[in-house]
S.K.: 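Below is a structure I'd like to ask you about.
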Amino acid sequence: MHLDQKVSLKTLHTFGMEVEARYFVEAKTLQEVLTLLNYRHMIHMPILFIGRGSNLLFTRDFPGIVIRINSKGISVREEAGEVFVTAEAGEDWDPFVQYCVDRGWAGLENLSLIPGTVGAAPIQNIGAYGVEVKDVIDSVQVAEISSGKQKRLTNAECRFGYRDSIFKQALRDKVIILNVTFRLVPQDPSVLRLGYGNLEGELSQAGVVSPGIADVREAVCNIRRRKLPDPAVISNAGSFFKNPVVTEDQATALLERYPAMPFYPRATGQDRSQKLTGGSSLPGFSDGTTPRGPVKIPAAWLIEQCGWKGFREVDAGVHVTQPLVLVNYGNATGSQILGLASRIVDSVREKFGISLETEVNVIG
Ligand code: EPU
């Protein structure tokens with residue numbers, strides 16, 4: 001392992017800010033990760049563990065040591081018709097999804113093309129196109145940073161929520177994720193989740209009559225490539241904000257003022273449920289136009305309504321096709337992105353009375 005000084009983080013995170021780490025080290029094996037933890041008590045400076053840095057916003061140079069977890073390895077156990085796949089934290093997410101899809105194991109295909117690593121996936125419970133990673137996580141192996149002691153957390157112990165988990169709450173900065181075990185099933189059309197947005201439409205447009213998991217993966221990749229900026233081309237960290245959840249009363253009042261406002265039928269946040277617009281009629285609502293219980297509203301819509309879609313100021317911008325994503329066109333600073341984010345939050349609050357919450361991890 002190499003400990004380097006004054007390392008540029010520009011290519012080590014997807015927002016592409018020109019910031020520096022005072023020290024940087026990469027752990028390429030599980031053993032190297034554990035060795036670093038053994039030396040933890042000798043490191044008297046802030047530590048930041050990163051994967052591919054796809055959910056980070058740096059607002060200044062990092063004054064401590066950045067440890068990149070890059071451990072690799074996949075092992076498989078089959079049991080009672082299910083496949084338990086354990087992947088090391090440093091495995092890249094999308095190639096891992098491809099690996100499972102290639103072998104006909106269903107469960108991860110809707111989460112195709114999400115940037116990042118396997119180890120980062122449980123932290124914010126990544127989700128897309130009707131699936132959250134918690135739906136297929138069996139357990140997560142962690143090491144306590146202070147002692148190096150290892151523990152396996154069950155799915156329930158991870159306390160997953162919408163873009164949330166124990167790793168962002170009680171265990172924040174206390175453990176690192178070493179590997180994740182997924183519980184997948186051999187391909188079976190009945191397990192496919194096609195209900196989100198236009199996934200079914202995308203498949204039928206491609207002429208797919210009875211889709212398999214590879215078809216779903218391809219459809220998801222196509223939608224993502226059309227709508228979301230590729231961080232390799234335009235720097236970004238995916239959704240900058242969470243989709244807000246509002247009370248039934250708030251939603252009803254908003255729908256009176258904005259009848260075309262889209263909303264999700266369920267509060268718990270799994271964007272598994274099909275989206276509704278004011279005129280839709282789907283289960284979960286009394287008459288298709290009146291929400292029952294708290295509901296989730298797409299932040300993208302709120303931001304677009306406030307006129308921000310495609311906005312650009314110098315190199316900080318709001319993406320042209322998905323306004324939930326803030327982008328760095330080249331030399332934006334973290335502070336410029338944060339400044340833009342706070343103007344967006346203010347205008348959404350003023351117009352709709354809703355406070356958007358940041359989804360990316362701001363380091364500063
Ligand atoms: N919308 C607009 N204007 C736009 C784009 C979208 O009004 O320009 C509205 C539409 O009503 C649309 C709705 O927003 O139906 C939802 O859009 P989309 O399907 O793109 O999803 P999202 O709710 O904006 C969430 C996740 C994404 C994930 C997509 C697809 C969060 C914070 N974001 O976005 O995750 O890819 O669903 O499942 O929940 C990420 O977390 O980094 C991320 C990209």
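Hydrogens, waters and symmetry mates play no part in the numbers below; they use all other heavy atoms, side chains included. Indexing begins at 1, ligand by ligand and atom by atom, following the structure's order. Small disclaimer: the values here were computed from a predicted structure and weren't measured.
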S.K.: Counting heavy atoms only, which of A300, G127, G238 comes nearest to atom 1 (N) of ligand 1?
M.R.: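 Comparing heavy atoms across A300, G127, G238, the nearest one to atom 1 (N) of ligand 1 lies in A300.
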S.K.: Among E357, R163, R224, E132, whose heavy atom sits nearest atom 41 (O) of ligand 1?
M.R.: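 The option holding the nearest heavy atom is R163.
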S.K.: Between K309 and ligand 1, find which residue part has any heavy-atom pair under 4.0 Å and reply side chain, backbone, both or neither.
M.R.: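 Side chain only; the backbone of K309 stays clear of ligand 1.
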S.K.: Which bit of N55 is near ligand 1, meaning a heavy atom under 4.0 Å away: side chain, backbone, both or neither?
M.R.: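 It is neither; nothing of N55 touches ligand 1.
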S.K.: For S139, does its backbone N or O pair with a side-chain atom of N155 as donor and acceptor, under 3.5 Å?
M.R.: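 No: the side chain of N155 does not pair with the backbone of S139.
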S.K.: Does the residue P323 have a heavy-atom contact with ligand 1, meaning some pair of atoms that are separated by less than 4.0 Å?
M.R.: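 Within the 4.0 Å threshold, so yes.
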S.K.: Number the atoms of ligand 1 from 1 as they appear, then name those within less than 4.0 Å of a heavy atom of E304, with their elements.
M.R.: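 Taking each heavy atom of E304 in turn, ligand 1 has 2 (C), 3 (N), 4 (C), 7 (O), 8 (O) under 4.0 Å.
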S.K.: Which residues end up grouped with I69 if you chain together Ile, Leu, Val, Met, Phe, Trp and Tyr wherever their side-chain heavy atoms are less than 4.5 Å apart?
M.R.: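 Result for I69 is M1, L3, Y23, V25, L30, V33, L34, L36, L37, I43, M45, I47, F49, I65, I67, I145, I176, L178.
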S.K.: Please assess W105 against F84 for the test ring-ring contact (aromatic ring centres under 6.0 Å, His included), listing each intermediate value before the final yes or no.
M.R.: CA-CA 10 Å; W105 303 329; F84 291 82; over 10 Å; no
S.K.: Under 3.5 Å between some N or O of ligand 1 and some N or O of N243?
M.R.: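 Min N/O separation from ligand 1 is below 3.5 Å for N243.
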S.K.: Are the side chains of V245 and Y264 in contact, using a 4.5 Å heavy-atom criterion?
M.R.: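 Of all side-chain heavy-atom pairs linking V245 with Y264, none is under 4.5 Å.
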S.K.: Looking at F263, does the NZ or CZ of K296 lie under 6.0 angstrom from its six-membered ring centre and within 45 degrees of the ring axis?
M.R.: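 Cation-pi check for K296 and F263: fails.
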S.K.: Has ligand 1 got any nitrogen or oxygen that is less than 3.5 angstrom from a nitrogen or oxygen of K227?
M.R.: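 N/O-N/O distance below 3.5 Å does not exist for this pair.
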S.K.: Any side chain to side chain donor-acceptor pair (under 3.5 Å) involving residues 219-234? Give me the pairs, sequence neighbours left out, ordered by first then second residue.
M.R.: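 Applying side chain to side chain donor-acceptor pair (under 3.5 Å) to every pair that reaches into residues 219-234, excluding sequence neighbours, yields E202-R226.
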S.K.: Out of all atoms in ligand 1, which are within 4.0 Å of some heavy atom of A128? Include the element for each.
M.R.: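 Every atom of ligand 1 under 4.0 Å from some heavy atom of A128: 36 (O), 38 (O).
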S.K.: Does only the side chain of F241 get under 4.0 Å from ligand 1, or the backbone, or both, or neither? Count heavy atoms.
M.R.: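 Within the 4.0 Å criterion, F241 contacts ligand 1 through backbone atoms alone.
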S.K.: Y264 versus ligand 1: do any nitrogen or oxygen atoms come within less than 3.5 Å of each other?
M.R.: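 Checking ligand 1 against Y264, an N or O pair does fall under 3.5 Å apart.
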S.K.: Answer yes if the side chains of S8 and E18 hold a donor-acceptor pair under 3.5 Å, and no otherwise.
M.R.: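 Distance-only check passes for S8 and E18.
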S.K.: Atom 29 (C) of ligand 1: which of F263, Y196, Y162 has the nearest heavy atom?
M.R.: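 Ranked by closest heavy atom to atom 29 (C) of ligand 1, first place is Y196.
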S.K.: Answer with side chain, backbone, both or neither: which part of P262 has a heavy atom less than 4.0 angstrom from an atom of ligand 1?
M.R.: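 The part of P262 near ligand 1 is the side chain, not the backbone.
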S.K.: Do the rings of F96 and Y99 sit parallel, tilted or perpendicular, given the 30° and 60° boundaries?
M.R.: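 Parallel, since the angle between the ring planes stays under 30°.
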S.K.: If you look at every heavy atom in M261 and L255, which pair is closest and at what distance?
M.R.: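 Closest approach of M261 to L255, heavy atoms only: O-CD2, 3.7 Å.
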S.K.: Which of the numbered atoms in ligand 1 are below 4.0 angstrom from a heavy atom of W301?
M.R.: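 Heavy-atom distances to W301 below 4.0 Å select 2 (C), 7 (O).
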